[in-house]
Structures are given as structure tokens and as C-alpha cells.
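Some notes on the structure that comes next.
When reading the values below, keep in mind they use all heavy atoms of this one structure, side chains included, and skip hydrogens, waters and symmetry mates.
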2 protein chains.
Amino acid sequence: MASGKSPKEMDALKEHLARHQLKFTRQRELILSAFLRQEHITAEAMYHQLAKTDPHLGLATIYRTLNLFCDAGLAQARHFGSQTQYDNISHKGHHDHLICTGCGKIIEFENCEIERLQEEVAAKNGFTIQTHRLELYGLCSHCRH
Amino acid sequence: MASGKSPKEMDALKEHLARHQLKFTRQRELILSAFLRQEHITAEAMYHQLAKTDPHLGLATIYRTLNLFCDAGLAQARHFGSQTQYDNISHKGHHDHLICTGCGKIIEFENCEIERLQEEVAAKNGFTIQTHRLELYGLCSHCRH
DNA sequence: GTTATTGCAAAGTTTTTGCATGTAC
DNA sequence: GTACATGCAAAAACTTTGCAATAAC
């Protein structure tokens, strides 16, 4: 194996592509490997990040590819502020947000106890949780004054 | 004194307006009273709803007014799907969802213990919570089989 | 060789802004 | 009478789409 380690997400992408008669392109590989380094990112931010090494990679391709990742179950789109955030699913589950409605600051947190209670609620209703989203909106100490 | 016609939100709006040298207009009154009947609504939906009785009320006015309600602490903007949802703050807090990714069924629940823990997390980070959003995605008992 | 993908630009959506006119104070 | 608000249209911001050229299979 020349490349040695292909992360499981890369394999998952290839499988999704194969199953849908889609192709594994240089851009898709590039965008996925950049994406895996993030917890969440916007299309625009990734565009700028990749433009340094690949100036011809178009923003439309990034959007198309991130949307593809959502279809493949690797990413989850979240509308936040004025742009769409693409969350890295493999980092999800322990990834909740505290969002300041004053200045837009975002703090990430995880809380096992909350997660345990979520499981409890789900079980009580006969559900098996696949993923969740918890966002707390409020004012940070700065903005409260 | 018990003027059944002026809900506390209307008074809160008036107070906010007074404090900021803004004016209490027919449109603001109209939009607020329509807003209070909803749990959440988009600007576009409100535009259509109000157009029946007030065909000259512009969409820009609705946006400006709903954003004003956010400033006044009566509403909370949430980006969802492709449009902004304006949530009625007074209805929020006990409104979490359990969503089946198989059949789309939505169960509403509330859990005081989770809410308490949320407050705890917020406090630990110096935040004051205004509202929150919790969605659990999974499979219901039907769809698991 | 065939079919999907890319890059670019153009179009589509949703939201905000500019400005003349109207309205609350 | 003096601000601020409104309505309309135009602009801005973000995302998707059309199409000819290109790359994967």
C-alpha cells in the first residue's frame, strides 16, 4: 500500500461514489482530506483555504462536494449566521454549541450527563438516537453589559 | 388597568422603542400582534399572512420589524433550511424534538433535568441563556425493524 | 469511448439598504 | 416641525445551475 493509511471516511466516500455511479476525483479527495481536519467549516472558508494550493478550484465545486458529503453521511449542514456550516459528523455527538446572540461568539462544549439524559428520553419513547443537535443561545459576559 | 388588549410583549416593545427614540407605528403593532400568535415564523410567511389585510405592507418592513423584535428581546432569529425563522421567545424553553429519520415522525418532549444542566453549562461559560434548541435524530420503534 | 465532473459565469434566493414620501411624537 | 419609519426598487450576500471543456472509468 503506497498511500498507507486511507481514513475510514475516505473509504466511506469511495463506497458512496461507487454505489451511485459517481467518480473519485482529485478535487473530491482534496476537499475531503481538508474537511476531515475541521470540526466544521463554511464553503467560503474552505475555498480560501484551498485556494492557496489550488487556485483554480471553484467555489461551486466546493459547495457541490460538501453537499455530496452530506448525502454520503460524512457531513451535516447547519444553517448558522448567514452562511451554511458543514459539520464533520465524525466529530459530532460530543459537539454542542453555546452561541452568543450579541456578538456571535461560539463556544463548543460537551456534557456526558446531558447526553445520557438524551439517551434516556429517547429510550422512553422507543427511539434509538443516531445523532443530535443542541444549541444554547444567550448572551456572553461581554454582551450582557 | 387590566386592559386585556395590551399583552406584556406589547408593553415591552413600547418600552424598548421609548428607550431607543423609536416610534410606535401601526405596522409595528400589527406585526407584533401577528407574531405573538406564532411559535415561529419566517418573514416571507408573515408577509403573505399580513398581505391579505394589508397589501401595502412591504417585505422589507417585516424584516426590519422582526429584526427589531430580536433587538428588543421578543424574538430570536434562527437560521433553518433556507430561510430565517423568527422564534417567539415567550413560547420557547420547553420545546425539544425527537425526530425519526426513517418516517419523519416528530415527538415533542421536555426534560427539566436537561434544562438544568444546560443552565449549568452556560453559567460555567459566563453565558445567560435566552433560548435553546435540542433535536434528537434517530429511529423510532417502527422504523428500526 | 462514454459518462460524470469541473470551472467559470450567470441565475436564483433570501435579506438588506437607499431614498423619497409619509407619520409619530 | 423634526426625526424616524415606510414602501418600493435596487443592491448585496450566499448558493445553485447551465454549459463547454476535461478527467475518471
Shortest non-hydrogen contact between [X] and [Y], atoms and distance:
| X | Y | answer |
| --- | --- | --- |
| B/P7 | B/L36 | CG-CD1, 3.9 Å |
| B/K14 | B/F24 | CE-CZ, 3.6 Å |
| B/E9 | B/L32 | O-CD2, 3.8 Å |
| B/R28 | B/L68 | NE-CD2, 3.6 Å |
| B/K23 | B/L17 | O-CD1, 3.6 Å |
| B/A77 | B/C70 | N-SG, 3.7 Å |

Next item on the list: May I ask you to check whether B/Y86 and B/F35 place their ring centers less than 6.0 Å from one another?
Entry: no
Show the atom names and distances, to 0.1 Å, of all donor-acceptor pairs under 3.5 Å that link a side chain in residues 44-63 of chain B to residues at least two apart or in another chain.
from	atom 1	to	atom 2	distance (Å)
B/H48	ND1	B/E44	O	3.2
B/T53	OG1	B/L50	O	3.2
B/D54	OD2	B/R26	NH1	2.9

Margin query: Could you go through B/L74 and B/L13, starting from their C-alpha distance and side-chain angles, then the distance that decides it, and tell me whether this counts as side chain to side chain contact (heavy atoms under 4.5 Å, CB included)?
Written below: CA-CA 8 Å; B/L74 296 166; B/L13 174 62; 4.0 Å; yes
Notebook entry, point to check: Considering only heavy atoms, which members of residues 11-18 of chain B lie under 4.0 Å from some atom of DNA chain D?
Noted result: none
Margin query: So if I take residues 46-57 of chain B and measure heavy-atom distances to DNA chain D, which residues fall below 4.0 Å?
Written below: B/H56, B/L57
Next item on the list: Walk me through it: do A/D96 and A/E115 pass the test side chain to side chain contact (heavy atoms under 4.5 Å, CB included)?
Entry: CA-CA 10 Å; A/D96 300 324; A/E115 311 232 332; 3.9 Å; yes
Could you tell me how far apart [X] ([atom1]) and [N] ([atom2]) are, to the nearest whole angstrom?
| X | N | atom1 | atom2 | value |
| --- | --- | --- | --- | --- |
| B/R28 | C/dC25 | CZ | P | 10 Å |
| B/Q21 | D/dA5 | CD | C1' | 15 Å |
| B/L66 | D/dT6 | CG | P | 12 Å |
| A/I62 | C/dG7 | CD1 | P | 9 Å |

Next item on the list: Please report the C-alpha distance between A/E108 and A/H40 in whole Å, then the side-chain angles of each, then the deciding distance to 0.1 Å, and finally whether the side chain to side chain contact (heavy atoms under 4.5 Å, CB included) criterion is met.
Entry: CA-CA 11 Å; A/E108 295 178 355; A/H40 47 75; 2.5 Å; yes
Check: In B/S/- notation, 5' to 3', how is nucleotides 20-25 of chain D contacted by protein heavy atoms closer than 4.0 Å?
Finding: ----BS
Next item on the list: Go along nucleotides 14-19 of chain D 5' to 3' and tag each nucleotide: B for a protein heavy atom under 4.0 Å from its base, S when only backbone or sugar atoms are that close, - otherwise.
Entry: SSBBB-
Notebook entry, point to check: Can you check side chain to side chain contact (heavy atoms under 4.5 Å, CB included) on B/Q76 and B/I89, steps first, answer last?
Noted result: CA-CA 6 Å; B/Q76 162 90 52; B/I89 285 270; 3.8 Å; yes
Note to self: Here's a test of your reading of the structure: between B/H20 and B/G58, which maps to the more 5' nucleotide of DNA chain D?
What the structure shows: B/H20
Side-chain polar contacts of residues 116-125 of chain B - donor-acceptor pairs under 3.5 angstrom, sequence neighbours left out - could you list them?
from	atom 1	to	atom 2	distance (Å)
B/R116	NH1	B/E120	OE1	3.0
B/R116	NH2	B/E113	OE2	2.9
B/Q118	OE1	B/H132	ND1	3.3
B/N125	ND2	B/V121	O	2.8

